[in-house]
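Here's the structure, in structure tokens; my notes come after.
When a ligand or atom number is given, it counts from 1 through the structure's own listing order.
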Amino acid sequence: MALTAITLTQILVKINQDATRILIMTKKKLQISIDELRGVGIKNYNLLAQLGIETIEDLLFYFPFRWDDFSNIQLIKNLKPETKATIQGKIFNICNIRSPYRKMVITKAIISDESGSIETVWYNQPYLKQTLKKAIEYRFQGKPKIIKNKLIFQAPSFEPILENNQNNQPLIPVYSVTRGITPKMIRFILKQALQYLPYLDDFLPDWILKKANLLSLDQAITKIHFPKNKLEISQAKKRLAFNELFIFHLNYELKKNLWQKNQARKISKKIPIIKKFLKSLNFKLTNDQKIALWEILSDLDKQNPMNRLLEGDVGSGKTIVAMLACVNVALNNTQAALMVPSEILASQHYQTLIKLVTNYSIAVGLLTNSQSWVNFKITKTGKLKILQNPTKIKKERLIALIKKGNVKVMIGTHSIIQQKINFKNLSLAIIDEQHRFGVEQRSQIINNFCKNKQEKIPHLLSMTATPIPRSLALTLFGDLSLSIIKQLPRGRKKIITKVVTQEKRSQAYAFIKDQINQGRQAFVICPLIEESTVLETKAAEHEYQKLSKQIFPDIEIGLLHGRLKPREKQTVMKGFLNNKIAILVATSVIEVGVDVPNATIMVIEGAERFGLAQLHQFRGRVGRGAYQSFCLLFTDSNSIKTWKRLKYLEASESGFELAQKDLRLRGPGEFLGQRQSGFSNFTIATLDNLELIKTSKQLAEQLTLKDPNLIKNPKLLYKVQKFNKVHFE
Ligand code: ADP
Ligand code: MG
């Protein structure tokens with residue numbers, strides 16, 4: 001987790017100014033504007049600027065996203081529909097036609113080689129009529145399609161064959177471009193930009209290049225743009241990915257060092273009272289819960305701030321551990337805050353906590369967008385009185401009570417980190433379901449909690465139900481301590497899980513109906529549509545219509561999706577909690593962590609779109625009461641692979657086991673989601689290269705051991721600062 005309580009600027013001040021000046025001078029040549037290059041006039045300059053390319057340096061670091069292999073040439077007569085191929089031939093009969101119904105210009109041509117010819121079309125590129133010369137041979141690459149019974153080459157990319165046939169690159173880099181700029185144009189100006197490479201200063205020390213077996217930066221840049229073969233591409237990618245990973249880890253290391261220099265309040269363990277609390281619960285903590293609580297309380301009892309991740313399967317009982325930590329903080333007469341990703345979860349946690357502390361004088365507040373509650377009042381004489389029933393309070397008043405330090409434990413959503421909220425003595429900040437907040441957001445949250453710039457900063461605890469295997473977690477979130485709750489509380493019934501194929505659907509619906517007639521309830525999760533919440537909402541509405549009109553016309557059904565207003569969500573959720581609604585249709589953004597003990601069925605539509613760990617989390621929404629619960633994984637996919645993957649859920653009930661499987665089957669990138677891991681802004685590095693992630697981390701550690709503030713490596717410090725600007729400010 002990234003922490004910016006103290007900014008890196010403070011280190012930079014320590015840097016020898018000469019070093020900074022040298023750095024600026026060597027960079028100067030690369031800062032030359034691209035309009036110095038041939039082919040870049042005002043028009044192209046503006047277009048390239050839209051792509052973020054304004055200087056030579058920008059251009060050199062504008063990497064291709066793909067390389068087309070033009071080396072394997074096929075004869076036109078052997079082309080097959082829907083199969084990508086490269087052909088070599090000449091152009092005939094090229095002409096532009098205006099398509100009547102879609103305001104589109106279609107460029108048509110015939111390409112011929114010695115074996116035959118094929119009709120070819122391009123869309124909205126009328127200039128091709130001039131660009132493509134009849135006298136020269138080209139290589140074309142694309143996918144032939146059958147249109148109106150004819151095989152047609154659709155929008156192939158192309159490369160001219162030059163006279164001597166020497167400078168024809170077999171691997172052609174493809175860049176993402178904007179209208180008016182072609183990849184070819186980028187290649188043309190890049191060739192000129194290469195002459196500036198000698199001014200490029202490698203920011204990695206030699207010993208690191210050697211240890212990680214990396215190309216120098218100028219070699220990597222040359223090869224990524226103009227590779228001779230696939231090996232060169234992978235070598236170049238390795239070096240460039242390393243750059244990103246190394247800076248990423250370096251950033252963590254520096255921040256970890258800084259974080260540990262901060263002072264936090266020492267919160268003493270109030271063991272006897274905590275024990276009394278434990279006795280008052282109607283269950284016993286599991287061993288893992290006890291260990292996690294002990295680890296947290298021990299961290300709190302130190303002057304350097306805790307930064308801990310509490311991982312535990314859904315239903316493993318993280319909440320009670322967090323709450324006891326809050327109680328301990330309150331007993332020390334300082335404040336704790338618990339932030340959660342949704343209103344519903346906030347009120348649920350609030351209810352749990354005020355019940356827990358009824359017999360103690362601990363003042364608790366709840367603040368969300370639409371709600372502000374407290375469990376106490378301040379009498380006329382200024383005394384604190386705990387109320388039997390919580391009461392609504394004006395937001396401004398609650399904010400004032402937080403500032404005065406009257407409220408000891410604050411629970412809420414994003415509302416509790418607003419600019420105007422100032423804690424008097426915040427000692428512990430907890431983020432529940434932290435995987436729901438992206439990395440960038442997380443560091444923002446932490447900064448906001450630390451915004452008081454008091455001399456002391458809060459201890460931090462993040463909680464997640466994504467069971468990230470320890471090794472991966474330590475690699476990615478290297479600055480965190482880790483507590484893991486592996487075992488579930490005893491007596492939990494196994495949730496019966498079934499993969500339901502299309503043929504078995506009606507049977508499944510009958511089963512659901514039967515359960516509901518017995519008084520139980522069901523969740524129906526709609527397929528994940530990652531690209532857009534709008535589409536996801538539509539899918540949910542569609543599902544809702546289908547179920548309420550066709551499948552279960554006599555059953556009360558509710559709909560919950562991310563685009564509802566908080567109040568509407570609350571009404572639906574309340575209806576479900578009171579069993580006024582028997583089936584709750586929800587999108588994948590359904591409030592995690594919600595506890596509805598009477599719900600015994602979890603249906604997941606389009607189950608194949610979710611990862612195993614995620615499906616397991618949905619499954620954790622049921623099985624919370626006394627009744628036998630079921631999880632039905634609906635899928636219309638015919639793929640055996642998918643079916644096998646889903647079958648794992650029938651067999652395993654351990655989130656950690658499933659996470660390991662998921663990780664193996666889909667790789668860390670998909671497993672974690674690039675966003676959640678903080679990898680979203682990387683251009684080349686991916687989570688899938690675990691080896692490189694590990695190496696870069698080890699080397700970042702070694703470097704900061706030798707040079708803790710990067711005073712001897714100003715170039716690297718500059719890079720880390722830039723990284724922070726992009727990612728966290
Ligand atoms: P999660 O880890 O997913 O946040 P919760 O903290 O919401 O899980 O716990 C799920 C349920 O289990 C809650 O109703 C809680 O009261 C209950 N619970 C927690 N710890 C135990 C335990 N040791 N024994 C039995 N039930 C427990
Ligand atoms: Mg929870």
Among P597, G312, P489, G620, closest by any non-hydrogen atom to atom 24 (N) of ligand 1
P489

Which atoms of ligand 1 are found less than 4.0 Å from any heavy atom of K284?
22 (C), 23 (N), 24 (N)

Sorted by chain and number, sequence neighbours left out, salt bridge (Lys or Arg N to Asp or Glu O under 4.0 Å) with R308 holds for E295, D299

For the residue pair F511 and F630, categorise the inter-ring angle as parallel (less than 30°), tilted (30 to 60°) or perpendicular (more than 60°).
perpendicular

Exactly one candidate in L366, L338, L398, V374 meets side-chain contact (heavy atoms from CB on, under 4.5 Å) with M410; the answer is L398

Output the list of atoms in ligand 1 that are nearer than 4.0 Å to some heavy atom of V314, sorted by atom number.
3 (O)

Test your reading of the structure: does G317 have an N or O sitting under 3.5 Å from an N or O of ligand 1?
yes

Is there a heavy atom of I485 sitting under 4.0 angstrom from any atom of ligand 1?
no

What atoms of ligand 1 come closer than 4.0 angstrom to any heavy atom of T286?
23 (N)

Pairwise ring-ring contact (aromatic ring centres under 6.0 Å, His included) hits with a residue in residues 308-332, at least two apart:
none

Counting distance only, does the side-chain N/O of N332 pair as donor-acceptor with the main-chain N or O of N328 below 3.5 Å?
yes

For L285, counting its heavy atoms only, list the atoms of ligand 1 lying under 4.0 Å from any of them.
23 (N)

Which bit of D313 is near ligand 1, meaning a heavy atom under 4.0 Å away: side chain, backbone, both or neither?
backbone

Would you say the side chain of K408 lies within less than 4.5 Å of the side chain of V364, judging by non-hydrogen atoms?
no

Per-atom filter on ligand 1: closer than 4.0 angstrom to a heavy atom of T319 are 4 (O), 5 (P), 6 (O), 7 (O)

Less than 4.0 Å between a side-chain N and a carboxylate O, is that true for K269 and D301?
yes

Enumerated ligand 1 atoms positioned under 4.0 Å from heavy atoms of S316:
2 (O), 8 (O)

Residue-ligand contact G315/ligand 1, heavy atom below 4.0 Å
yes

Is K486 close enough and on-axis enough to F656, meaning under 6.0 Å and within 45°, for cation-pi?
yes

Would you say M463 touches ligand 1, if touching means a heavy atom closer than 4.0 Å?
no

